[in-house]
Trainee: 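There's a structure below that I have some questions on.
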Amino acid sequence: MAPPTQRPSLLVIVGPTASGKSELALRVAKRYGGEIIAADSRTIYKGMDIGTAKPTSQQQAEVPHWGLNLVEPGQAYSAARFKEHALGKIDEITRRGRLPILVGGTGLYVDGVVFDFNFPPPPAFGERESLEKLSSKELQNLVEEKKYPMPENRHNRRHLVRVIERQGKQGEKQQMPKPGTLIIGLMPDEEQLKKRIATRAVEIFDKGVITETQKLSAKYGEKALLSTAGIVYKICLRLLRKEIDKDEAIWLFQTADWQYARRQRTWFKRNYHITWYPNSKQAYQAVTKILNT
RNA sequence: GCAGGGUUAGUGAAGCGGUCAAACACGGCAGACUGUAAAUCUGUUGGCAUUCGCCUUCGUAGGUUCGAAUCCUACACCCUGCA
């Protein structure tokens, strides 16, 4: 897809974890007076800084960041809530005459904004808890009884629950991205991405995720942490319980992060409106060309 | 040196004469996914053909048997007990 010829009103940067999205966003923001909105389902949590590779306080001081630290660990959040938040911020930033830059690896969050998903209503209070007590078979039966569309995969309990919660309603979306949107994708080749993930994992441990995990666990409890925390924290909890040692923890983190990156790749692959670049440098040059016109 | 246990696909680990290309777990690969998404789930995973099927695997080399990952012999390596 050819990039729009006029100056975009929204820049979106997507890609797998550790592909260099933040770096690119920061450079573009600094040069063109942009403000960053993180579309990331983990950096929304307060206190989860090191383990989520959240932009540092210095970076946040250089460029305004939004979408971070929205809720406490253990609290639920959703793609629908993110969409509202992001749209509000995009509006504010635009009105200030600055460039909104939506950056993230959470495909659902990004697409919700970009393709204007209309999310079916949330579950009624307490509904989820009772549905989750049912067996998969019972959930399937419920879906069939009510003639709701069966999720493509009938073994996916979570999707079954959701179909019931939204009373079989299908969400709608726009076929084309929001007008004026430029979507840049970062996709290093496999070997490079693996390397980046591996070295970043080591860095994250060097910076002290273990201590961070301890603090979070003390403040919010292991249960809250397990229910909302991302990849590293779960591994660090095992480390703190002495089930594994540090080297194993790093190894586990690297492979889990790679698996995550692949899921992200699968998600973004089907979006034909993304213009892909192998690294942030090349992407930056391309973006520069477009924004200078 | 003697006695015993072990060596199975990328890794761990079942199998102990036929229904074994070999359970299971992990890892790998492909995919799905609109109010949990760093989540959750599916398929696939020796090679070739991809319909019947064919070929090469279970430490190495021989042997027994209609038939062996499974039994026997020798060798190699690893672990344990006695020396």
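Treat the numbers as computed from the prediction; the structure is a model and nothing was measured. So that the names make sense, note that chain A is the first sequence line, chain B the second, and so on, each numbered from 1.
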Trainee: Under 4.0 Å between any heavy atoms, over every strand shown, what does A/Glu132 touch: base, sugar-phosphate, or nothing? Just pick one.
Mentor: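 Base: the residue A/Glu132, judged by heavy atoms under 4.0 Å, touches a nucleobase.
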Trainee: Give a yes/no answer on whether the side chain of A/Lys269 brings an N or O atom under 4.0 Å of OP1 or OP2 in B/rG31.
Mentor: yes
Trainee: Give one of base, sugar-phosphate or nothing for A/Asp40, where a contact means two heavy atoms less than 4.0 Å apart.
Mentor: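 Counting heavy atoms under 4.0 Å across all strands, the contact made by A/Asp40 includes a base.
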Trainee: Measure from the side chain of A/Thr266, starting at C-beta and using heavy atoms only, and say which of B/rU40, B/rG31, B/rG35 lies closest.
Mentor: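 Looking only at heavy atoms from C-beta outward on A/Thr266, the closest nucleotide is B/rG31.
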Trainee: Rounded to whole angstrom, note down the P distance from B/rA68 over to B/rC2.
Mentor: 32 Å
Trainee: Which value, in whole Å, describes the distance between the C1' atoms of nucleotides B/rG1 and B/rC71?
Mentor: 28 Å
Trainee: Between B/rG17 and B/rG12, how far apart are the C1' atoms? Round to whole Å, please.
Mentor: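 Pairwise C1' distance, B/rG12 against B/rG17, rounds to 27 Å.
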Trainee: What is the distance, to the nearest angstrom, from the CG atom on A/Leu252 to the P atom on B/rG28?
Mentor: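 Atom-to-atom, A/Leu252 to B/rG28, this comes out as 11 Å.
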Trainee: Does A/Leu252 reach the side chain of A/Arg238, with side-chain heavy atoms less than 4.5 Å apart?
Mentor: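 They are in side-chain contact.
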Trainee: Check the orientation of A/Tyr109 and A/Phe82. Use parallel for under 30°, tilted for 30 to 60°, and perpendicular for over 60°.
Mentor: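 Answer is parallel, since the angle falls under 30°.
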Trainee: Any base atoms under 4.0 Å from A/Tyr109, or only sugar-phosphate, or nothing? Heavy atoms, all strands.
Mentor: sugar-phosphate
Trainee: Could you state the CZ-C1' distance from A/Phe82 to B/rU34, rounded to the nearest angstrom?
Mentor: 15 Å
Trainee: With a 4.0 Å limit, can you tell me whether A/Arg162 has a side-chain N or O closer than that to the phosphate oxygens OP1/OP2 of B/rG35?
Mentor: yes
Trainee: Using a 4.0 Å heavy-atom cut-off across all strands, classify A/Trp251 as base, sugar-phosphate, or nothing.
Mentor: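 Here A/Trp251 touches no strand at all.
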Trainee: A/Arg154 CZ to B/rU42 P: how many Å, rounded?
Mentor: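 Rounded to the whole Å, the gap is 13 Å.
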Trainee: How would you label the contact of A/Pro123 with the nucleic acid (heavy atoms, under 4.0 Å): base, sugar-phosphate, or nothing?
Mentor: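 Answer is sugar-phosphate: A/Pro123 comes under 4.0 Å of backbone atoms only.
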Trainee: We want to know whether A/Ser135 and A/Glu138 form a side-chain donor-acceptor pair, criterion being a heavy-atom distance below 3.5 angstrom.
Mentor: yes
Trainee: Whether the A/Glu212 and A/Tyr233 side chains hold a donor-acceptor pair (N or O, under 3.5 Å, no angle test) is what I'd like checked.
Mentor: yes
Trainee: Can you hop from A/Trp66 to A/Val114 via hydrophobic side chains spaced under 4.5 Å?
Mentor: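 Result: yes, single cluster for both.
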Trainee: State whether A/Glu23 and A/Lys281 are salt-bridged, where the test is any N-O pair (Lys NZ or Arg NE/NH1/NH2 against Asp/Glu carboxylate O) under 4.0 Å.
Mentor: no
Trainee: Between B/rU34, B/rG35, B/rA32, which one does the side chain of A/Ser78 approach most closely?
Mentor: B/rG35
Trainee: Let me know the distance between CZ of A/Phe268 and C1' of B/rG31, rounded to the nearest Å.
Mentor: 16 Å
Trainee: I'd like the C1' distance from B/rA14 over to B/rC29, given in whole Å.
Mentor: 25 Å
Trainee: Could you give the CG-to-P distance, from A/Leu108 to B/rC33, as a whole number of Å?
Mentor: 12 Å
Trainee: With rounding to whole Å, what would you report as the distance between B/rU57 and B/rG47 at their P atoms?
Mentor: 15 Å
Trainee: Take A/Thr17 and A/Lys194, find for each the nucleotide of RNA chain B with the closest heavy atom, and name the residue whose nucleotide sits nearer the 5' end.
Mentor: A/Lys194
Trainee: Rounding to the closest angstrom, what is the interatomic distance between B/rG46 and B/rG10 at atom C1'?
Mentor: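 Between the two C1' atoms, the distance is 12 Å.
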Trainee: Does B/rU7 have a Watson-Crick or wobble partner in any strand here, with both distances under 3.5 angstrom, and which is it?
Mentor: B/rA76
Trainee: Determine, answering yes or no, if A/Phe119 is stacked on B/rU34 under the 5.5 Å centre rule and the 30° plane rule.
Mentor: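 Ring-base stacking flag not set for A/Phe119 and B/rU34.
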Trainee: Rounded to whole angstrom units, what separation is found between the CZ atom of A/Arg263 and the P atom of B/rC29?
Mentor: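 That distance rounds to 12 Å.
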Trainee: Within the structure shown, what part of the strands sits under 4.0 Å from A/Thr52 by heavy-atom distance: base, sugar-phosphate, or nothing?
Mentor: base
Trainee: Is any side-chain N of the basic residue among A/Arg96 and A/Glu92 closer than 4.0 Å to the acidic one's carboxylate O?
Mentor: yes
Trainee: Regarding A/Gln259, tell me which of base, sugar-phosphate or nothing describes its non-hydrogen contacts under 4.0 Å with the strands shown.
Mentor: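 The residue A/Gln259 makes sugar-phosphate contact but no base contact.
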Trainee: Return the value, rounded to whole Å, for the distance between atom NE2 of A/His159 and atom P of B/rU36.
Mentor: 9 Å
Trainee: Phosphate oxygens OP1/OP2 of B/rG35: is one of them under 4.0 Å from a side-chain N or O of A/Arg166?
Mentor: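 Checking A/Arg166 against B/rG35: at least one side-chain N or O falls below 4.0 Å of OP1 or OP2.
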Trainee: Among B/rU34, B/rU36, B/rU40, which nucleotide sits nearest the side chain of A/Val161?
Mentor: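 The nucleotide sitting nearest to the side chain is B/rU36.
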Trainee: Would you indicate what A/Asp111 reaches in the nucleic acid, counting non-hydrogen atoms under 4.0 angstrom: base, sugar-phosphate, or nothing?
Mentor: nothing
Trainee: At under 4.0 Å between heavy atoms, what does A/Gly104 touch on the DNA or RNA strands: base, sugar-phosphate, or nothing?
Mentor: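 The residue A/Gly104 makes no contact with any strand.
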Trainee: For a quick check of understanding: with a heavy-atom distance under 4.0 Å over all strands, which category does A/Tyr77 fall into, base, sugar-phosphate or nothing?
Mentor: sugar-phosphate
Trainee: Among B/rG35, B/rG28, B/rC41, find the nucleotide with the atom closest to the side chain of A/Trp258.
Mentor: B/rG28
Trainee: A/Arg238 has an atom CZ; how far is it from atom P of B/rC26, in whole Å?
Mentor: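 Taking atom P of B/rC26 as the reference, CZ of A/Arg238 is at 12 Å.
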Trainee: Any salt bridge between A/Glu203 and A/Arg196, counting N to O under 4.0 Å?
Mentor: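 Not counted as a salt bridge, because no side-chain N and carboxylate O are separated by less than 4.0 Å.
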